[in-house]
Every structure is written in structure tokens, then in C-alpha cells.
Amino acid sequence: MSRGFSNPFLSLLLLVLTLSVTASATPVVQVRENLVHFPLAKRVNLTGSGKLVERDQRRVRNLRARANSKLTGVSFVTDADGSVAAENQAIDYVVNVGIGTPPTTYSLLVDTGSSNTWVGAGRPYVPTSSSIQTHNTVTVSYGSGSFSGVEFADTVSVGDGLTVYCQGVGAAQSSQGFEGVDGIIGIGPPDLTLNTLSPDTGSTIPTITDNLFTQGVISEHLVSVSFEPTTSTDDVNGELTFGGIDSSKFTGSITFAPITSTSPSSEFFGIDQSVRYGSSTSILSTTAGIVDTGTTLMLLATDALERYKSATGAVLDNTTGLLRITQEQYANLQSLFFTISGTTFEFTANAQIWPRALNTAIGGDANSVYLIIGDLSTNSGEGLDFINGQVWLERFYAVFDSGNSRVGFATTPFTTATTN
């Protein structure tokens with residue numbers, strides 16, 4: 001799915017495509033050379049009956065099943081549990097992308113845990129002069145939703161005159177679980193697209209990151225993500241940077257961790273890390289898990305979560321599905337420490353709680369304190385023992401470096417913020 005093209009950006013030594021934002025929480029706004037800006041927004045969309053942790057757990061089951069599908073070569077096209085109705089995405093990050101010539105603008109979820117790009121959940125796909133229909137149908141399930149349709153190759157506009165040619169785009173003929181958005185821009189490892197096409201089940205679809213790199217638009221095969229904690233239900237508070245690292249978004253240096261060799265985490269942006277509570281309480285010994293923009297919470301293996309509950313005194317809140325602590329317990333809540341490739345990252349007490357201004361948005365009590373650490377629903381030792389989701393990424397800068405098979409992390413001005 002490629003063809004020759006002429007691109008005016010080929011002469012640049014380094015071009016970084018940045019989806020830049022201005023957040024309400026007093027951001028540092030800079031004019032940066034060779035950066036293309038447009039917003040990446042957080043959206044709280046709790047329109048279904050499901051709880052955050054239940055949606056995340058369905059996603060985990062789906063991620064495991066998709067990894068198994070890739071490893072075994074057996075097609076996987078339905079939700080992993082098969083019995084849970086699709087729910088709308090609860091908390092997500094969206095970006096506007098143009099597809100076609102002339103382009104139609106679509107609002108797409110940003111997902112590092114999947115790799116198909118598709119539209120049609122809301123605004124339907126509009127074929128234009130640059131649209132090439134392939135002979136493949138495409139079907140993908142995400143645990144909390146799914147889509148099926150026809151695979152096209154098309155021109156995708158990702159900035160001021162910046163385009164990707166012959167990008168694989170699914171045109172959904174049916175979809176569920178994606179109310180309020182048009183589809184997904186998947187920027188995970190391209191092997192995650194295996195078994196999503198038919199009849200070419202053994203073919204992969206290059207992601208937008210892949211095509212930006214191979215077409216010479218960007219000089220590094222990576223995408224960087226910067227989020228900021230927010231107390232709004234609909235806020236522009238993130239930045240997605242293709243092809244480079246934005247030094248204005250982090251503090252100190254970046255620690256890189258190789259993609260773990262442990263399956264199934266190795267099929268995603270998986271790393272090895274350990275987790276400690278306070279000065280000496282081990283929550284999770286060094287083990288494999290993934291970093292994922294499509295998961296809302298910070299999920300820990302069930303046995304690790306029990307140790308966390310014992311250390312904090314937290315109890316399960318049946319209304320929200322989250323752990324709950326008292327005000328007194330919050331005053332004594334200690335930091336979690338994540339050790340990744342020899343560097344320890346502090347996840348403060350404030351970072352561990354759900355934004356109190358959004359308590360009622362998840363059906364909670366306005367005066368309660370809820371924790372954002374949830375149950376992975378399997379014990380440790382199964383090859384995917386944690387997920388560092390959106391709430392974790394809002395405190396650290398992350399670099400998904402496909403070219404070097406690694407993930408990087410750094411602190412930010414918001415690592416120790418008391419926003420929540």
C-alpha cells in the first residue's frame with residue numbers, strides 16, 4: 001500500500017508534527033520552529049451504564065485475545081468475553097484529522113493499543129479523487145466496541161499542508177461503542193493489524209507513524225505523547241508529536257526502556273517495571289505490562305492490588321467501581337514509585353486520586369475520595385501484570401519509539417501537580 005510521491009518536506013533535516021494544545025491549567029505556550037500545531041482534547045463521555053474499571057477490564061481481555069490471535073494466527077473478530085454489550089468510550093483523547101482530497105475532517109480517538117485507522121462511527125467516510133478501494137474488508141473489536149467495513153487507501157492530512165499518502169483507512173459500515181467520535185487513529189505496533197483484513201488476513205497495515213517515516217516526512221520513527229491532568233469534562237490538554245521529542249514538555253532527561261520480551265505484553269508497547277508504595281512496601285516486583293493511551297485507569301494485577309488496598313486502607317465503592325478512601329486516609333496517602341530501566345518515577349498521592357471536581361461525572365459522591373488504581377482482574381505472572389493508562393500518562397512524558405523498539409519516560413511540570 002504505497003506509491004511514489006513528491007513531498008516538499010523531504011529537504012528538511014528534521015520535521016516534527018506536533019498536535020499542540022493550550023490547556024486551561026496555565027500552560028507554557030511557545031512558538032517552536034518546524035512544529036505543526038493542532039489540538040488533542042480529553043473527553044469524558046459517560047453515557048452508558050458501565051463503570052470505568054469494567055470498561056478497562058473488557059479492554060484488557062480484548063488486548064490479550066488480540067495478542068493471542070496474532071501469536072496463533074487464528075482470526076479474532078469479536079469481543080473477548082462475548083457476552084458484554086458494547087459501551088461508549090468513557091474517557092478518551094481525540095484529534096481532528098483530514099482524510100481525502102479535498103479532505104473531510106474527522107474526530108478520532110488516539111490509541112497506542114491498536115493500529116487500525118478508521119472512520120464512520122459518526123461522520124461517514126467520504127470517497128474522493130484520492131480514495132483507492134482495496135479488495136479487503138476490515139473488522140476490529142476493542143472490548144468496549146467494534147467496527148467492520150471496507151479498507152481504503154487514502155491521503156491523510158495531519159497539519160498545515162502536511163500529508164500522508166496511501167494511508168490505510170477503514171470505512172465503517174457498522175460500528176458500536178463510539179458515540180460522539182468518528183473513529184480511531186491507531187498508532188500502536190503495526191503487527192496488531194494482523195487478522196483484521198479479509199481475505200488478506202496475513203497482511204499488516206502501516207500506521208500513520210510508519211508512513212510519515214517511510215515517506216520521508218519525519219526523520220525519526222516515533223511518536224511522543226504529553227498530557228496534563230485536568231478537572232474539566234471536555235478540555236484541550238495534550239500534545240501528540242510525530243517524529244521527534246518536544247523538550248518544552250518535560251523536565252530532566254528521558255529514560256528509555258526496551259520493549260519487553262515477555263508475551264503478551266511484547267505485542268504492544270510493553271515494558272518491565274516494579275511498583276512500590278511509600279518507602280518499603282512492595283506492590284509489584286519487576287514484571288511486564290503495557291503503556292496504553294486507550295486505557296483510562298492505572299491497572300494492577302489482582303494480587304498487587306490487594307497489597308495496595310492493604311497499604312492504603314482503601315475499600316471498593318460499589319457505585320463507581322473504584323477504590324475509595326477517607327479524607328484522613330488521603331492525608332496519609334503515600335506516593336507510589338515506579339522503577340523503569342533503573343529510574344524511579346514518583347506517582348504522588350494527588351496523582352492517585354480521581355479528580356474530585358469530576359466525582360459526579362462518574363456517578364460518585366462529590367465529597368468522596370476515589371483512587372484511580374484498578375483491578376486488572378488476573379493475578380501477576382501471566383505476562384501482562386499492569387497497564388499504565390491515561391491517568392498515569394497525564395503525569396509523565398512518553399515516547400513510543402518504534403524505530404528502536406523502546407518506550408521513553410520523563411517527568412513533566414505536572415508530575416507533582418495537585419490538580420486532582
Could you tell me how the ring of [X] sits relative to the ring of [Y]: parallel (under 30°), tilted (30 to 60°) or perpendicular (over 60°)?
{"X": "Tyr277", "Y": "Tyr308", "value": "perpendicular"}
{"X": "Phe345", "Y": "Trp392", "value": "perpendicular"}
{"X": "Phe338", "Y": "Phe347", "value": "perpendicular"}

Of Thr416, Asn350, Thr411, the residue whose pairing with Arg395 passes side-chain hydrogen bond (donor to acceptor under 3.5 Å, both in side chains): Asn350
Does Thr378 have any side-chain hydrogen bond (donor to acceptor under 3.5 Å, both in side chains) partners at least two apart in sequence or in another chain, and if so, which? Arg64
May I ask you to test the Tyr370-Asn359 pair for a side-chain heavy-atom distance under 4.5 Å?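 In contact.
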Salt bridge (Lys or Arg N to Asp or Glu O under 4.0 Å) partners of Asp317, counting only residues at least two apart: Arg324
Those residues that, when tested against Thr326, pass side chain to side chain contact (heavy atoms under 4.5 Å, CB included) (two or more places apart):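 Counting only residues at least two positions away or on another chain, Thr326 forms a side chain to side chain contact (heavy atoms under 4.5 Å, CB included) with Glu328, Gln329.
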Applying the ring pair (Phe, Tyr, Trp, His ring centres under 6.0 Å) criterion to His221, which one of Phe400, Phe213, Phe242 satisfies it?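 Running ring pair (Phe, Tyr, Trp, His ring centres under 6.0 Å) over Phe400, Phe213, Phe242 with His221 returns exactly one hit, Phe213.
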Apply the ring pair (Phe, Tyr, Trp, His ring centres under 6.0 Å) test between Trp118 and each candidate in Phe152, Phe178, Tyr125; give the one that qualifies. Phe178
Basic-acidic side-chain contact under 4.0 Å: Asp401, Arg406: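 The answer is yes: the pair qualifies as a salt bridge.
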Run the salt-bridge test on Arg59 and Asp111 with the 4.0 Å N-O cut-off and return the result as yes or no. yes
Ring centres under 6.0 Å, that's the criterion: do Phe409 and Tyr397 meet it?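 No, ring centres 6.0 Å or more apart.
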